[in-house]
Amino acid sequence: MVDPANTVGIPVNPTPLLKDELDIVIPTIRNLDFLEMWRPFLQPYHLIIVQDGDPTKKIHVPEGYDYELYNRNDINRILGPKASCISFKDSACRCFGYMVSKKKYIFTIDDDCFVAKDPAGKAVNALEQHIKNLLCPSTPWFFNTLYDPYREGADFVRGYPFSLREGVSTAVSHGLWLNIPDYDAPTQLVKPKERNARYVDAVMTIPKGTLFPMCGMNLAFDRDLIGPAMYFGLMGDGQPIGRYDDMWAGWCIKVICDHLGLGVKTGLPYIYHSKASNPFVNLKKEYKGIFWQEDIIPFFQNVKLSKEATTVQQCYIELSKMVKEKLSSLDPYFDKLADAMVTWIEAWDELNPPATA
Amino acid sequence: MSSSEINKNEVDIVIGALNADLTQFLNSWRPFFSGFHLIIVKDPELKDDLNIPEGFDVDVYSKPDIEKVVGAANAAMFSGYSCRYFGYLVSKKKYIVSIDDDCVPAKDPKGVLVDAVSQHVSNLENPATPLFFNTLYDPYCEGADFVRGYPFSLRSGVPCAASCGLWLNLADLDAPTQALKTEQRNTSYVDAVMTVPLKAMLPISGINIAFNRELVGPALVPALRIAGEGKVRWETLEDVWCGMCLKHISDHLGYGVKTGLPYVWRNERGDAVESLRKKWEGMKLMEKSVPFFEALKLPESAVNVEDCVVELAKAVKEQLGSDDPAFTQAADAMVKWVQLWNSVNSSG
């Protein structure tokens with residue numbers, strides 16, 4: 001039996017790290033009540049709310065939070081025809097928030113994610129842990145058996161090459177979830193009662209060349225290092241697939257990070273995932289993805305980006321060409337997706353012109 | 001997996017004795033070693049007689065026994081920490097669990113003593129998943145599973161070749177690190193087992209390890225000796241080299257290597273600063289090894305473990321031999337090891 005933390009009485013963090021350098025991006029279609037319990041840890045930060053679904057609905061943001069909110073009308077207005085790359089009726093729309101942010105770091109969290117407790121019963125400040133993960137190096141070229149070597153009380157083990165101990169910059173921090181685990185629909189149907197009660201007290205770097213299923217529920221990244229690759233694809237309304245937005249982004253960012261020598265971490269922090277989505281609804285959304293991923297994975301495992309691709313945008317455009325070339329035969333959807341990937345980069349560059357000297 | 005579910009007849013517990021008095025060590029492990037067959041190999045350079053308490057099913061091998069089996073010329077291969085490999089050689093069991101003689105059972109966060117043997121065997125009996133990373137770690141353990149986005153075709157996993165455990169208290173840090181942080185002790189109990197992904201290299205420690213002898217036995221090579229190798233782990237690299245070979249061969253043959261639980265509690269022995277005084281040869285050798293293993297591709301024709309070891313030895317000699325005589329010696333030892341393995345194990 002896992003419970004969320006009770007944060008009543010915890011004072012708002014008086015020394016919020018990176019307060020002016022980080023935006024919190026939250027997609028929502030219902031409400032933002034969950035922010036009440038996150039106050040101690042999140043209130044000092046600026047929020048970017050991406051409202052999905054009916055734009056006429058009024059989303060109430062709890063008092064005290066500083067935010068900007070975008071609904072579908074705003075997205076259409078800001079991007080014009082390029083708005084076609086932003087999903088509708090799917091939390092994938094959150095990536096619009098990454099695009100309009102002007103900050104260096106992004107933390108994104110789902111509106112059904114509460115504060116977790118560590119094994120000592122203490123409320124976990126997930127954002128603080130993500131920031132620690134992003135600010136200290138990753139070690140993708142050699143696995144450290146004691147996990148994060150930079151953590152208090154840990155270090156590199158005997159035999160770890162000294163030349164690799166400086167690590168590389170961390171682009172992404174992937175957090176985990178207690179209570180409702182992030183299972184696919186078939187697993188949810190078979191194990192409806194399973195809850196994740198195991199608090200694994202580790203952060204680790206995912207080795208170079210290894211792919212992983214990136215979940216967008218509790219995720220942070222360095223927007224300067226990898227932002228343009230965090231496109232969450234075409235999902236939801238009018239699309240043949242859903243619940244693969246974060247997966248798609250995860251495969252893209254990992255091959256690009258591997259190519260550019262950046263690190264991706266996974267593990268702490270935990271959040272408490274409170275809502276189990278309907279497995280039958282999920283199955284309908286994921287159905288095609290379950291088959292397609294059998295081809296998509298080998299595709300990403302064999303991607304080789306050119307030496308000339310030295311920026312994230314260049315890597316991403318190259319990737320989009322390969323998607324068009326190699327995956328369109330799987331389904332015409334990938335042809336559309338490849339185009340949308342290009343549109344995304346164009347929109348990103350428009351909204352984020354390089355700073356003038 | 002509880003102790004009662006393991007088929008004890010499939011397991012040998014191999015201990016390399018670098019200390020003569022094994023009373024405290026064996027008594028502390030008694031609850032978990034009970035019912036298993038033990039192979040204790042005495043470091044041929046240890047002069048004192050071994051002191052072994054009653055009540056264990058144990059075969060002890062010392063210098064004369066080693067020389068009888070492998071010949072006096074080859075006995076040097078099994079000195080120091082490498083004495084445990086002789087136990088791997090003569091064992092007839094499917095699984096080997098090997099723990100250094102300065103380790104005792106650890107306690108988990110609930111205060112319960114950890115049955116390292118059961119955990120290792122459980123790790124070895126369940127598949128490994130090196131082809132795709134599962135963010136909830138071991139998908140086969142109670143309360144966990146594969147996460148959304150994990151390809152279904154990869155969910156049956158591959159055979160697990162080795163289980164690399166960890167250490168509370170004195171972690172397996174190198175001499176410079178431990179000398180710098182003299183008071184540092186590992187108090188972090190990370191409750192996870194995970195598969196080290198395909199192509200990822202790692203430093204495998206011989207302090208707390210188990211492996212499937214039937215699957216990969218010959219790949220556990222007692223090969224690399226650094227100049228001035230000593231009787232404390234800070235002055236060795238034999239296990240790290242062995243581990244690099246083992247991981248590479250496992251990757252090539254489609255097997256998996258796991259890391260994480262179980263923990264053992266490792267006690268004080270030796271002096272990191274003292275070990276630092278010796279020239280730290282190991283550092284240089286590791287630096288050369290990494291690009292070698294990274295670029296290495298074993299030929300498609302190497303389809304069994306012995307062939308892989310021989311091919312690996314060839315490559316070591318060709319590409320690293322001129323860098324340091326230690327590599328040439330390692331390559332020769334690897335070839336010799338395979339010959340010994342085949343001769344000892346074919347004669348039944």
Side-chain angles (χ1 to χ4, degrees), chain A residues 119 140-147 151 153-164 174 176 181-187 190-191 194-202 204 206-215 243-244 246-247 250-251 266-267 282 286 289-290 293-294 296-297 301, chain B residues 109 131-137 141 143-154 164 166 171-178 181 184-192 194 196-205 233-234 236-237 239-241 243-244 259-260 282-283 286-287 289-290 294:
Chain A
W141 293 324
F142 212 84
F143 188 88
N144 191 44
T145 47
L146 280 185
Y147 315 110
R151 220 175 150 197
D155 215 304
F156 290 98
V157 297
R158 177 176 55 99
Y160 201 105
F162 278 79
S163 63
L164 298 178
H174 177 262
L176 298 174
D182 189 23
Y183 288 162
D184 52 55
T187 310
V190 170
K191 295 179 165 188
E194 187 148 276
R195 300 290 176 262
N196 185 21
R198 187 181 276 236
Y199 188 100
V200 177
D201 187 18
M204 64 199 76
I206 301 181
K208 178 178 171 158
T210 302
L211 292 175
F212 77 115
M214 184 176 86
C215 174
R243 283 172 55 88
Y244 269 85
D246 42 5
M247 296 298 135
W251 300 325
T266 188
N282 288 344
E286 290 172 10
I290 286 175
Q293 77 189 5
E294 296 298 332
I296 296 173
I297 298 303
Q301 281 170 336
Chain B
L131 300 173
F132 206 81
F133 191 88
N134 192 44
T135 48
L136 282 187
Y137 314 111
C141 81
D145 213 305
F146 290 97
V147 296
R148 174 175 57 99
Y150 201 105
F152 278 79
S153 64
L154 298 180
C164 308
L166 297 173
D172 193 10
L173 308 178
D174 53 50
T177 308
Q178 192 74 67
K181 299 179 172 186
Q184 177 149 309
R185 297 294 178 267
N186 187 21
T187 54
S188 175
Y189 187 99
V190 178
D191 186 14
M194 64 198 77
V196 183
L198 177 73
K199 301 248 173 60
M201 292 182 284
L202 76 156
I204 295 184
S205 167
R233 281 288 185 193
W234 289 313
T236 69
L237 212 59
D239 49 352
V240 178
W241 176 263
M244 301 279 276
T259 188
M283 201 155 54
M286 266 320 285
E287 292 302 329
S289 305
V290 172
E294 175 131 45

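These numbers come from the heavy atoms of this one structure, side chains and all, not from hydrogens, waters or symmetry mates.
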Atom group of [X] that falls short of 4.5 Å from chain A, counting heavy atoms:
| X | result |
| --- | --- |
| B:V147 | both |
| B:C141 | side chain |
| B:S188 | side chain |
| B:I204 | neither |
| B:S153 | both |

### Short side-chain to backbone donor-acceptor contact, A:E294 and B:P151, under 3.5 Å
no

### Task
Look at the side chain of A:K191 and the backbone N and O of B:G143, then say whether any donor-acceptor pair between them is shorter than 3.5 Å.
no

### Message
For A:F142 versus B:M244, what's the shortest heavy-atom pair and its separation?
### Response
CZ-SD, 3.8 Å

### Query
Of all heavy-atom pairs between B:E287 and A:F162, which one has the smallest distance, and what is that distance?
OE2-N, 2.7 Å

### Task
Take B:L166 and A:Y147 through the test side-chain contact (heavy atoms from CB on, under 4.5 Å) and record every step on the way to the result.
CA-CA 11 Å; B:L166 297 173; A:Y147 315 110; 3.8 Å; yes

Pick one of side chain, backbone, both or neither for [X], based on which atoms fall under 4.5 Å of a heavy atom in chain B.
| X | result |
| --- | --- |
| A:T145 | both |
| A:F156 | backbone |
| A:A185 | neither |
| A:R243 | both |
| A:T187 | side chain |
| A:W141 | backbone |
| A:A197 | neither |
| A:L211 | both |
| A:P186 | side chain |

At a heavy-atom distance under 4.5 Å, which candidate from [options] has the highest pair count against chain A?
| options | answer |
| --- | --- |
| B:R185, B:M201, B:K181 | B:M201 |
| B:P109, B:A200, B:C164, B:A192 | B:A192 |
| B:N134, B:D239, B:D172 | B:D172 |

Approximate separation, where rounding is to 0.5 Å, of [X] [atom1] and [Y] [atom2]:
| X | Y | atom1 | atom2 | value |
| --- | --- | --- | --- | --- |
| A:T210 | B:F133 | OG1 | CZ | 8.5 Å |
| B:L173 | A:D155 | CG | CG | 6.0 Å |
| A:F143 | B:M194 | CZ | CE | 5.5 Å |

Picking from [options], which has the most non-hydrogen pairs under 4.5 angstrom with chain B?
| options | answer |
| --- | --- |
| A:A154, A:G289, A:G209 | A:A154 |
| A:I290, A:D246, A:T266 | A:D246 |
| A:E194, A:H174, A:E286 | A:E194 |
| A:M247, A:M214, A:R198 | A:R198 |

### Message
My understanding is that only residues two or more places apart in sequence, or in another chain, count here; which of them pass side chain to side chain donor-acceptor pair (under 3.5 Å) with B:N186?
### Response
none

### Message
Which residue in the set A:C215, A:P213, A:P181 passes side-chain contact (heavy atoms from CB on, under 4.5 Å) when paired with B:R148?
### Response
A:C215

### Query
Taking only residues two or more places apart in sequence or in another chain, which ones pass side chain to side chain contact (heavy atoms under 4.5 Å, CB included) with B:L131?
B:L154, B:L198

